[in-house]
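Here's the structure, in structure tokens; my notes come after.
All heavy atoms count here, side chains included; hydrogens, waters and symmetry mates do not. Proteins come first, then strands; the chains are lettered A, B, ... in the order of their sequence lines, and each starts at number 1.
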Number of protein chains: 2
Amino acid sequence: MVTLKQLAKELNVSISTVSKALNNSDEIGEETIKRVKELANLYNYKPNKVALSLKQNRTNTIGVIIPDILNHFLAKVLFGIEREAAQHGYNIMTCISNESLKKEKESLQLLANGSVDGFILCLSEETQIKNEIDHFKQTISQGLPIVMFDRVAHDVMCDKVIVDDFDATYRATKNLLNEGRKQLAFISNIYDLSVGKLRERGYQKAILENPELKPVVLNLTKEDNPQETIMAFMKHHKNIDAVIAADSASGVIAINAAVSFGLKVPRDISVVGFASQSVSYHSLPRLTTIRQHAKEIGANAAQMLIKRMQNLNAGHYDFKTKIVKTSLVENGSTL
Amino acid sequence: MVTLKQLAKELNVSISTVSKALNNSDEIGEETIKRVKELANLYNYKPNKVALSLKQNRTNTIGVIIPDILNHFLAKVLFGIEREAAQHGYNIMTCISNESLKKEKESLQLLANGSVDGFILCLSEETQIKNEIDHFKQTISQGLPIVMFDRVAHDVMCDKVIVDDFDATYRATKNLLNEGRKQLAFISNIYDLSVGKLRERGYQKAILENPELKPVVLNLTKEDNPQETIMAFMKHHKNIDAVIAADSASGVIAINAAVSFGLKVPRDISVVGFASQSVSYHSLPRLTTIRQHAKEIGANAAQMLIKRMQNLNAGHYDFKTKIVKTSLVENGSTL
DNA sequence: CTGAAAGCGCTAACAA
DNA sequence: TTGTTAGCGCTTTCAG
């Protein structure tokens, strides 16, 4: 990489003249600016980002820590973050915590050494189970702002972007009840997560409002073969006429299972799931989905963080929690 | 962030003493080292990464440019890269080209200003169509090594990690022929990509080895509703008894379509697709998949890049192309 | 055993 | 209009 020094030498001017010329300072004469710029172009000069960062005490980089990049929702949020960040001239450094508290802490530490100006993150499963939040507080007290999304720690004072999980599931369940469904099952493979619990509670609430109904819940573990377990569950509960899936795979699997039992979807059984558009194509009929607008979540998180990073002096107590509302997309697996 | 300067002041020693003490230099006395380390711990001192980078002219950061993070295969590669990089003490900066040549160029430029020590990337669709490679060559000539994976530019001299697309599809097709299948269709939504072409050629070769067979190919465009298009295709070609899918969605959709037509899978029709384990659960029976070992691809790419970055002086002509072999996982949609 | 000083590439206040 | 200098945080050579 060519440096100011080299340009200066070749032009027989001082380094600062070159610097000023390239920054269009009006201290520098027309002619000089032209000469400098020509040479800079010739050599494809680009200011060294690291030196700039050191000087300005600002990296223009956002640290993103997500628990699992293979989770389609999280990948989509990352996409939203990256796009928004790029539009504002920020880069992102991504770490994957792999649902591990230890890795999450390490990543936070690692990037908090000057590599980034702030964080966007989603708590790891282990962090949520153990409810550890000291590492976040420490990072914030170091002056690095954090924005949490989806799985958030309510006890940490920071900006947050969340989904209306409780309401969305409540409404989806109510919808199914309005279709005339009587035996509604809830299937989830994210029991341990805050969002999983919220979704289950939304379902429970809708069910328990009808005294004659009782909840039927299947929680899948990591070890389960989801297909076999869901099929066994549905065989055991033959009278189920609706399924609410808390995750993206279970809904599709439930539809395929129902079809394999000779049921007609949605005539005999309705299915709704938290899923993306692309996954909905994996069943016939297509899964009716609760869309979480993941990209928007990511974009919102990035916006909030960038705003905060540019206003570090501002009051530290006006933290906001943005709720991105889900929407129900009726794709054919409901009446 | 606390700096060496602050520690030095508080300890009444010089900055360089503190620095040496923290690095366990044997120039410094036991006692001093202890004092320094204690205070550093107390203040949770971490060396400023940016300053280190400037000094050492090395960022320990890898730039990753991928066309689409919502593509499960690419996300998985990214996962593999991140893990391998983290193990070697490298961070990753991720840019998403969105299949656009312009964004790819911009990202490359942006990170080539000192932000990263090298690149791992997968060409955007537009780059492959237009076959533009100057930006890669320029980056390499600036001294930044590149490792390409999956969709690579053969005319660029650099390390590469690819999949045996041609062979894998050829073998998979042969397998289906050995099952006794006679009407084998090839479905793809990645016609424009190098890997899509390779896969189709593998299929074509296997088919054309049998004079009595002729290829039947469906290429989906972005605008198509994959479900409707595949169903229409299968209705039109009623005699199809096997499907090879070049992408992960088409295989699952084909199975579901076949089931909806009342066919038994795999009795009446076999289906094979390039897909991941998790997607294979989205059909009943589960999709028999050609697994690409995406994480391994990522890990290999990271290893190759790290090696190259640590040996920049070494000969620049011994570039390697690593082929990561696919494997066929028979999940139930084939005989 | 400890400290002073130079330098990585850049910007900006101040001098000329 | 241009140049000199200091400094961002750190390492390292060389002096003390």
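- Side-chain contact check for B/Y43 and B/E10: at least one donor-acceptor pair (N or O, by modelled atom type) lies under 3.5 Å.
- Close to C/dG3, at under 4.0 Å from its OP1 or OP2, lies a side-chain N or O of B/T17.
- Contact annotation: B/S19 side-chain N/O to D/dT11 OP1/OP2 distance is under 4.0 Å.
- When the nearest nucleotides of DNA chain C are assigned to B/L54 and B/N12 by heavy-atom distance, the more 5′-ward of the two goes with B/N12.
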- request: Show your working on side chain to side chain donor-acceptor pair (under 3.5 Å) between A/E132 and A/T127 and close with a plain yes or no.
  value: CA-CA 6 Å; A/E132 269 207 41; A/T127 308; over 6 Å; no
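- Looking at which nucleotide of DNA chain C each of B/E30 and A/Q6 is closest to, the 5′-most match is held by B/E30.
- We find that CG of B/D26 is positioned 13 Å from P of D/dT12, with the value rounded to whole Å.
- The side chain of B/K55 contributes no N or O atom lying less than 4.0 Å from OP1 or OP2 of D/dC8.
- Between the side chains of B/N57 and B/K55, no donor N or O sits under 3.5 Å from an acceptor N or O.
- Phosphate proximity of D/dT1 to A/T32: absent, as no side-chain N or O sits under 4.0 Å from OP1 or OP2.
- Base engagement by A/S16 is indicated by at least one non-hydrogen atom pair under 4.0 Å involving a base atom.
- Contacts of A/N57 with the nucleic acid, taken as non-hydrogen atoms under 4.0 Å apart, are absent.
- The CG-P distance, from A/L22 to D/dT2, rounds to 13 Å in whole Å.
- Atoms NZ (A/K5) and P (C/dA6) sit 13 Å apart, rounded to a whole Å.
- In this structure, the CG atom of B/N60 is 15 Å from the C1' atom of D/dC10, given to the nearest Å.
- Phosphate proximity of C/dG3 to B/K20: absent, as no side-chain N or O sits under 4.0 Å from OP1 or OP2.
- Atom pair A/L7:CG and D/dG3:P shows a separation of 14 Å (rounding to whole Å applied).
- Regarding contacts with the backbone of D/dT11, a side-chain N or O of B/N23 is found under 4.0 angstrom from either OP1 or OP2.
- Going from atom CG of B/N24 over to atom P of C/dC1 covers 14 Å, rounded to whole Å.
- Contact record, B/K46 with B/M1: O-CE, 3.7 Å, taken as the closest heavy-atom pair.
- Whole-Å rounding puts the B/I15 CD1 to C/dA6 P distance at 14 Å.
- Whole-Å rounding puts the A/R58 CZ to C/dC10 C1' distance at 13 Å.
- Nucleic acid contact for B/V13: sugar-phosphate only, since backbone atoms but no base atoms lie under 4.0 Å from a heavy atom of the residue.
- Under the 4.5 Å side-chain criterion, counting only non-hydrogen atoms from C-beta, A/L78 is in contact with A/I92.
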